[in-house]
Amino acid sequence: MSGIVFFKTQSLHATKKFYLNKLGLKLWLDQGECHIYAHDDMLIGFCKAEYSSTQGTITFLYDSQTLVDKAYTQFKDISTTAPKLNPKFRIYHFWGKDHENRTLEFQYFLKPDEDIEYRNPIEILNPTSNKPKLLLTRMLPQNAVDILQKTFEVHANLAQRALLHNELIDNIADKHALLCLLNDRIDASVIEPAKCLKVISNYAVGYNNIDLEVAKNHGIAVCNTPGVLTESTADLAWALIMATSRRTVESDVFTRCGKFTGWEPLLFLGQDVHHRTLGILGMGRIGKAVAQRAVGFGMRIIYSGPSEKALDFEAEYVDFNTLLKESDILSLHLPLTDRTKHLISENELKQMKPSAILINTARGAIIDEKMLIHALREKWIFAAGLDVYEHEPEIPSELALLSNVVLLPHIGSASLDTRQKMGTLAAENAIAIITGKDAPARVI
C-alpha cells in the first residue's frame, strides 16, 4: 500500500516555487489543479482551494545528524529553531515554516546503538595555559571574540545550536568566566560544579535565566548588557505596532499568493496609529524610547508601573486598569518576575478595547499565551505583535495559525551595530571581574 498526504493551497504557483525550487522536491505528478511532489518515498499533494490547510507537520527524514545540519544551513531562512537533540524521542531535528505557514520538520532518528550524547561542540579558539578560561555558549560578533581572547582562553560553542543543559554542566567545571545567552538556564546544577567560576556575563538586558541567589551564595558576580540595545528594541516594537495596526504581513502574503486583483474599498482595513492612545506598561529605558517615538504620531501617551517618572515629553501616569481600558496600543516593557508572570491574562485581556493591539518585546511569560490565543480567536482584541514567547523557542501551532498576530523570532536587538555593542559590553563585564575592576554593568 502507498499513500499521499494532501493539503489545500490558495496558490499552486507559490507552492510549486517553494517545494520545487526552494526545498528541491521533485514534481511527481501535475494534475492541473493538483500537484504532487516526491521526497524519497514520501508523496505530498497540494490542491487549489479558496483557503489553505496548514494543520499538521510535514517531516523530512535524513540519514545522519550531519545531513540535518547541512539542511539547516541551506534552509536557515525558513527555520524557526536551530538543530537540537531531543533525548526523549531520540531524534535530532529542527523546525521550519513553508510559504503558507505549514509546520515543517527536518529530522534524523538516532539508531538503537547510537550514542545519545551529541558530540561536544566546544572548541578552544586560542589554546594557552597562562590565561583564565572562559566558556562562551554561542559565538558572538567577532569584535567581542577578539576582546575576550586578549584576556581569556576562550572555549566556544561552534555548533549552529544552543548548548544542551548537560553540555553546559559538562564544560563549566574548570572555567573562570561564563558568557551566556538568555536561553541558557544557569541554575544550581550549572553553578555548583563550577568551583573556579568568578563571573557570569549575560549577553542580554534581562537575567531571569540565572539563579541570582545561588550565584550570590557562591560569590559569583552576575552582569548584563543594559542600555546598548534600547533604541534597536524600541525600533522593533514600532515595527510590530505598524505591522499589526495596518495588517502588512497579511497583506504581503495575500499579494505574494497572486490574489491582488486591484484596489478595493474594504480590503485589509486596519487601525490608525496617529492620534491614538499608546499605553506603556513599564516606563524604563526601552518603554521610554518607544513612547518618545509616539510623539511624532501625535499620540496620547499613558503609562503604568511602580512609580511615576520624570519625563521630557508629555505622558500621563495611570493605574493598571486604566491603562488596559484606555490603550489603543499597549506595549509591554517589564522584566519577568514572579509578580509579572501571566500579568496579562483573561481578566486583563477582557478589559482591553476590541480594537486594541497588544505588543510584547519584553518577556513571553508576561502574557498567558493560551489565554491570548483565545482572546485573538474570539476578537477580544484586534491583534497582537510578539517578539517573545512563553516557552521559547516553542511557539504553539494554534498561535501560528492566527492571521491577527505578527510573530518574530526574538530579534528585538538584532541590528549589527547593537549586537556588536552588546558583545563588547558583555566581554568588558567579564574582563573587569576577572581583573579585579568594577564591571560596567553588574547586577550582583
Side-chain angles (χ1 to χ4, degrees), residues 229-255 260 263-305 309 311-318 320-334 344 348-362 366-367 372 375-376 379-388 399 402-408 410-415:
L229 50 73
T230 298
E231 299 299 332
S232 294
T233 305
D235 286 349
L236 195 280
W238 267 94
L240 285 171
I241 289 170
M242 298 305 298
T244 49
S245 298
R246 297 303 301 272
R247 302 174 65 183
T248 56
V249 175
E250 289 179 83
S251 300
D252 177 85
V253 173
F254 177 88
T255 307
F260 176 57
W263 184 87
E264 297 179 32
L266 301 180
L267 186 62
F268 289 108
L269 298 181
Q271 302 287 344
D272 281 328
V273 173
H274 63 87
H275 298 97
R276 296 299 176 96
T277 297
L278 172 66
I280 300 291
L281 185 54
M283 190 66 87
R285 289 187 183 94
I286 299 174
K288 181 180 178 181
V290 171
Q292 285 174 320
R293 285 158 171 75
V295 174
F297 285 84
M299 300 184 78
R300 173 196 177 208
I301 302 168
I302 61 176
Y303 70 99
S304 186
K309 301 282 187 176
L311 303 170
D312 55 3
F313 54 90
E314 187 175 339
E316 181 183 354
Y317 181 65
V318 298
F320 183 42
N321 289 332
T322 300
L323 186 80
L324 294 170
K325 293 175 182 178
E326 297 189 9
S327 295
D328 293 306
I329 299 165
L330 177 58
S331 192
L332 308 183
H333 302 286
L334 299 167
I344 305 297
E348 291 73 29
L349 289 163
K350 283 184 174 179
Q351 290 187 67
M352 296 176 69
K353 299 177 182 180
S355 59
I357 294 167
L358 180 62
I359 304 294
N360 191 7
T361 56
I366 294 172
I367 299 175
L372 175 63
L376 291 168
K379 311 297 183 183
W380 294 355
I381 61 175
F382 181 75
L386 308 175
D387 187 42
V388 289
L399 188 63
L402 294 170
S403 62
N404 56 342
V405 60
V406 175
L407 307 176
L408 300 180
H410 204 149
I411 57 170
S413 63
S415 74

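This is a predicted model, so every value here is computed, not measured.
Taking CG of Leu372 as the start and CD1 of Ile344 as the end, the distance is 10.0 Å to the nearest 0.5 Å. The CG atom of Leu240 sits 11.5 Å away from atom CH2 of Trp238, with the distance rounded to the nearest 0.5 Å. A distance of 10.5 Å separates CD1 of Ile280 from CG of Leu334, quoted to the nearest 0.5 Å. Here OG of Ser355 is found 5.0 Å from CD of Gln271. Values are rounded to the nearest 0.5 Å. For the atom pair CD1 (Ile357) and CG (Leu278), the distance works out to 10.5 Å, reported to the nearest 0.5 Å. Here CD1 of Ile286 is found 9.5 Å from CD of Glu231. Values are rounded to the nearest 0.5 Å.
Across every non-hydrogen atom of Gly412 and Leu236, the tightest pair is CA-CG, 3.8 Å. Pairing each heavy atom of Ala237 with each of Val290, the nearest pair is CB-CG2, 3.9 Å. Across every non-hydrogen atom of Val406 and Ala243, the tightest pair is CG2-CB, 4.2 Å. Contact between Ile301 and Ala291 at its shortest, heavy atoms only, is CD1-O, 3.3 Å. Across Ala362 and Val388, no two heavy atoms sit closer than the pair O-CG1, 3.6 Å. Thr244 and Phe382 make their closest contact through O-CE2, 3.7 Å (heavy atoms, listed as atom of the first residue, atom of the second, distance).
Using a 30° and 60° split on the angle between ring planes, Tyr317 and Tyr303 fall in the tilted class, from 30° to 60°.
Every salt bridge (charged side-chain N to carboxylate O under 4.0 Å, His left out) that Arg300 has, sequence neighbours left out, goes to Glu316, Glu326. Qualifying salt bridge (charged side-chain N to carboxylate O under 4.0 Å, His left out) partners for Lys350, counting only residues two or more places apart in sequence or in other chains: Glu346.
Looking at Arg293 and Met299, their side chains never come closer than 4.5 Å, going by heavy atoms from C-beta outward. Looking only at side-chain heavy atoms (C-beta outward), Phe320 and Leu281 come within less than 4.5 Å of each other. Considering only heavy atoms from C-beta on, Leu332 comes within 4.5 Å of Ile367 through its side chain. Side-chain contact check for Gln292 versus Asp312: some heavy-atom pair is nearer than 4.5 Å. Residues Thr248 and Met242 have side chains not in contact (no heavy-atom distance under 4.5 Å, counting atoms from C-beta outward).
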* Asked: When you look at Phe313 and Lys288, which way does the side chain to side chain contact (heavy atoms under 4.5 Å, CB included) test go after all the steps?
  -> CA-CA 10 Å; Phe313 54 90; Lys288 181 180 178 181; 3.8 Å; yes

* **His333 and Thr233: CA distance, side-chain angles, deciding distance, side chain to side chain contact (heavy atoms under 4.5 Å, CB included) verdict** => CA-CA 10 Å; His333 302 286; Thr233 305; 5.7 Å; no

* To do: List the steps, then state whether side chain to side chain contact (heavy atoms under 4.5 Å, CB included) holds for Leu376 with Leu399.
  => CA-CA 9 Å; Leu376 291 168; Leu399 188 63; 4.2 Å; yes

* Asked: side chain to side chain contact (heavy atoms under 4.5 Å, CB included) between Asn321 and Gln351: does it pass, once the steps are laid out?
  -> CA-CA 8 Å; Asn321 289 332; Gln351 290 187 67; 3.5 Å; yes

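Considering Ile359, Leu323, Asn360 in turn, Leu323 is the only one that fulfils the side-chain contact (heavy atoms from CB on, under 4.5 Å) rule with Leu330.
Formation of a donor-acceptor pair under 3.5 Å by the Asp328 side chain with backbone atoms of Ala356 is not found in this model.
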